[in-house]
Amino acid sequence: MDVQITLIVDGAERSLTVDTRTTLLDALRDRLAVTSPKKGCDHGQCGSCTVLLEGRRVTSCLVLAVAQDGADVTTAQGLGEGEQLHPMQEAFLDRDGFQCGFCTPGQVCSAVGMLREAAQGHPSHVTADAGAPVELTDEEIRERMSGNLCRCGAYVNIVAAIRDVTAKEAASTTGVAAPAPKGSAGS
Amino acid sequence: MKPFEYRRAEDPADAVAAVAGEPDAMFLAGGTNLVDHLKLGIANPDLLVDISRLPLNGVEELPDGRVRIGATVRNSDLAAHPLIRERYRVLSQALLAGASGQLRNMATTGGNLLQRTRCLYFQDVTTPCNKREPGTGCSAIGGYTRNHAILGASEACVAVHPSDMAVAMAALDAEVVVRGPSGERNIPLAGFHRLPGDKPERDTVLEHGELVTAVLLPPATQSHSAYRKVRDRASYAFALVSVAAVVSMNGDGTIREVRMALGGVAHKPWRAERAEAILRGAQASEENFRRAAEAELESASALGDNAFKIPMARNTMVAVLREVTGGISNV
Ligand SMILES: Cc1cc2nc3c(=O)[nH]c(=O)nc-3n(C[C@H](O)[C@H](O)[C@H](O)COP(=O)(O)OP(=O)(O)OC[C@H]3O[C@@H](n4cnc5c(N)ncnc54)[C@H](O)[C@@H]3O)c2cc1C
Ligand code: SF4
Ligand code: FES
Ligand code: FES
């Protein structure tokens with residue numbers, strides 16, 4: 001059954017007609033040619049399809065496109081500003097945080113979403129105490145990134161890349177790592 | 001995937017009417033379980049009624065001290081909510097032990113309660129399964145049973161309920177608020193999920209068209225609580241066994257009140273009533289913890305591959321009791 005929807009993808013408004021069965025991942029990749037989110041497992045288990053939906057990281061393979069009419073979606077492609085890479089992307093390059101690169105767009109989106117969650121004080125399974133500001137230790141980074149699997153096993157460098165960005169963040173006050181949703185439908 | 005119609009519910013009454021009026025309609029919340037089931041061919045609705053934007057996303061304290069959690073509150077937001085972190089630590093811990101950051105951002109309170117078993121045969125539509133297709137048989141019995149039940153199973157089904165959140169809610173004596181075509185009712189969480197019996201296709205006592213609108217937590221008491229989950233990986237895996245406990249102590253080292261529930265062992269969050277009865281009023285000692293755990297597991301039976309769960313459940317109960325009673329030394 002076809003339905004007309006609008007999505008704000010990487011800052012641009014895109015209108016399309018989707019079958020109700022279409023996932024957000026398939027709408028992005030197959031219908032809008034936004035191919036940075038990757039289809040790994042298609043069942044929520046690998047994280048390679050991670051995008052920021054209304055600024056929060058989600059696995060786009062388990063989201064129905066029709067249910068997101070009007071929503072703001074940021075993929076790894078839209079994280080930077082024009083030709084300029086996002087600091088998280090730079091850090092992945094600097095640290096060799098990937099090998100084949102298949103999981104990378106999902107890792108980068110997840111890392112950016114995760115930094116915002118931590119900045120908002122969201123705890124994780126390994127956070128010791130209620131209330132204290134979250135300190136992004138390697139243990140915290142690992143736990144918070146556990147929804148993103150990397151078959152090449154580039155984890156050590158991914159953790160290092162994220163640590164670099166958090167260190168730079170702490171040193172500056174601009175909060176570069178967590179852009180607000182670019183569209184008008186932000187929550 | 002079978003074609004289906006989609007509509008966004010305007011308010012809870014509209015959602016209930018829409019699903020109740022159509023035999024093959026289902027509610028869609030975060031979709032993290034349902035969309036998976038659409039893909040696998042486990043769920044084949046004609047109509048999906050999207051409830052994710054209904055104004056049921058608040059966490060609030062009621063005048064009588066109870067806390068009301070709306071059905072569409074996201075798991076990540078619930079775990080981070082100050083009221084939950086400060087007063088119901090066990091619930092926050094259980095939520096954070098489940099799934100991944102991405103999934104918790106979509107998963108809702110109602111959807112988490114209503115998520116279905118991860119039994120591999122249930123998820124594989126090419127195999128017989130009484131839960132998926134009543135009367136076809138259970139492929140797990142005599143098959144691969146490492147993840148299956150040790151308590152309360154039947155000849156018809158040996159699956160376990162996968163939710164972490166619900167285990168903590170069972171230990172907290174929570175209530176589920178449900179709205180149906182003929183009005184509202186409250187169901188104690190302990191009676192919300194069913195044991196399989198000869199109707200394993202029914203996971204809960206909900207009737208078609210009934211919408212979970214909220215979960216109510218009783219006022220927080222002066223107690224210690226903890227959730228411990230044992231799994232194959234350090235993170236991002238379902239429980240083999242999990243234990244939630246809420247305990248308050250008397251000044252003399254005896255246990256005043258204790259409520260405990262187990263996950264990964266039964267078709268529902270398993271309230272450990274036998275263990276509770278032994279512990280209530282008893283000295284917080286290693287010996288009593290062990291005696292209580294053993295009593296609870298007296299009726300446990302293994303299927304073969306899951307025999308390890310019996311000692312694992314016992315040891316996890318003892319470890320959690322030790323933790324919540326203030327670290328009685330490991331004798
Ligand atoms: C890879 C992976 C790992 C996971 N790991 C864990 C884990 O470790 N621990 C854990 O507990 N969970 C885990 N989950 C499950 C996840 O927590 C659930 O999928 C999620 O909580 C379901 O919530 P939802 O809002 O997405 O529900 P949906 O998928 O939208 O709905 C699930 C079911 O509930 C029904 N429903 C939803 N809301 C209501 C309501 N208000 N009233 C009546 N019916 C309703 C729907 O009709 C549907 O049948 C995992 C999931 C995945 C994909
Ligand atoms: S254990 Fe239950 S869910 Fe699994 S195959 Fe048997 S009947 Fe189906
Ligand atoms: S493709 Fe979505 S989580 Fe694997
Ligand atoms: S870099 Fe190859 S999968 Fe991660």
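Chain naming here is simple, since letters A, B, ... match the order of the sequence lines and numbering starts at 1 in each. Keep in mind that this is a model prediction, so the values were computed, not measured.
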(message) Quick check on B:Ser76 against chain A: is it the side chain, the backbone, both or neither that has a heavy atom closer than 4.5 Å?
(response) both

(request) Measure distances from A:Val58 to the heavy atoms of chain B and classify the residue's part below 4.5 Å as side chain, backbone, both or neither. (result) both

(request) For atom CZ of B:Arg53, decide whether the heavy atoms of other residues, nucleotides or ligands shown that lie under 6.0 angstrom number more than 12. (result) yes

(message) Just so I know, are the side chains of B:Leu48 and A:Leu64 near enough to count as touching, which here means a heavy-atom distance under 4.5 Å?
(response) yes

(request) Check each atom of B:Arg89 against the heavy atoms of chain A and say whether the ones under 4.5 Å are side chain, backbone, both or neither. (result) neither

(message) Using every non-hydrogen atom in the two residues, find where A:Ser146 and B:Ser235 come nearest and quote the distance to one decimal.
(response) OG-OG, 3.1 Å

(message) So does A:Arg57 get a backbone contact from the side chain of B:Asn105, meaning a donor-acceptor N/O pair under 3.5 Å?
(response) yes

(request) Kindly give the heavy-atom pair with the smallest separation between A:Cys61 and B:Val35, and that separation in Å. (result) O-CG1, 4.1 Å

(message) Minimum heavy-atom separation for B:Leu96 and A:His125, please, with both atom names.
(response) O-CB, 3.5 Å

(message) Looking at B:Lys39 and A:Leu62, would you say the former's side chain and the latter's main chain have a donor-acceptor pair under 3.5 Å?
(response) no

(request) Locate the shortest heavy-atom distance separating B:Arg85 from A:Gly121; write the atom from each residue and the value. (result) NH1-O, 3.2 Å

(message) Can you tell me if A:His43 has over 12 outside heavy atoms packed within less than 6.0 Å of its NE2?
(response) yes

(request) Could you look at B:Leu28 and say if it's the side chain, the backbone, both or neither that has a heavy atom under 4.5 Å from chain A? (result) side chain

(message) So for A:Glu117, is it side chain, backbone, both, or neither that comes closer than 4.5 Å to the heavy atoms of chain B?
(response) side chain

(message) Within this structure, what is the CZ-OG distance for the pair A:Arg144 and B:Ser100, rounded to the nearest 0.5 Å?
(response) 13.0 Å

(message) Tell me if the CD atom of A:Gln4 is crowded by more than 12 foreign heavy atoms within 6.0 Å.
(response) yes

(request) Give, as side chain, backbone, both or neither, the part of B:Leu34 having an atom under 4.5 angstrom from any heavy atom of chain A. (result) neither

(message) Closer than 4.0 angstrom, basic N to acidic O: yes or no for A:Arg56 and B:Asp77?
(response) yes

(message) If I compare all heavy atoms of A:Ala67 with all of B:Asp50, which pair ends up nearest, and what's the gap?
(response) CB-OD2, 3.5 Å

(message) Side chains of A:Thr59 and B:Gln102: any donor to acceptor distance under 3.5 Å?
(response) no

(message) Surrounding CD of A:Glu135 (heavy atoms of other residues, nucleotides or ligands, distance under 6.0 Å), is the total greater than 12?
(response) no

(message) Within residues 9-19 of chain B, which residues come under 4.5 Å of chain A, heavy atom to heavy atom?
(response) none

(request) Compare every heavy atom of A:Pro123 with every heavy atom of B:Ala79, then report the nearest pair and how far apart it is. (result) O-CG, 3.9 Å

(message) Strictly less than 4.5 Å between heavy atoms, which residues of residues 17-24 of chain A line up against chain B? Please order them by number.
(response) A:Thr20, A:Arg21, A:Thr23

(message) Would B:Tyr236 and A:Asn148 count as a side chain to side chain contact (heavy atoms under 4.5 Å, CB included) here? Give the steps.
(response) CA-CA 10 Å; B:Tyr236 199 27; A:Asn148 293 80; over 6 Å; no

(request) Measure B:Lys229 against the heavy atoms of chain A and call it side chain, backbone, both or neither at under 4.5 Å. (result) neither

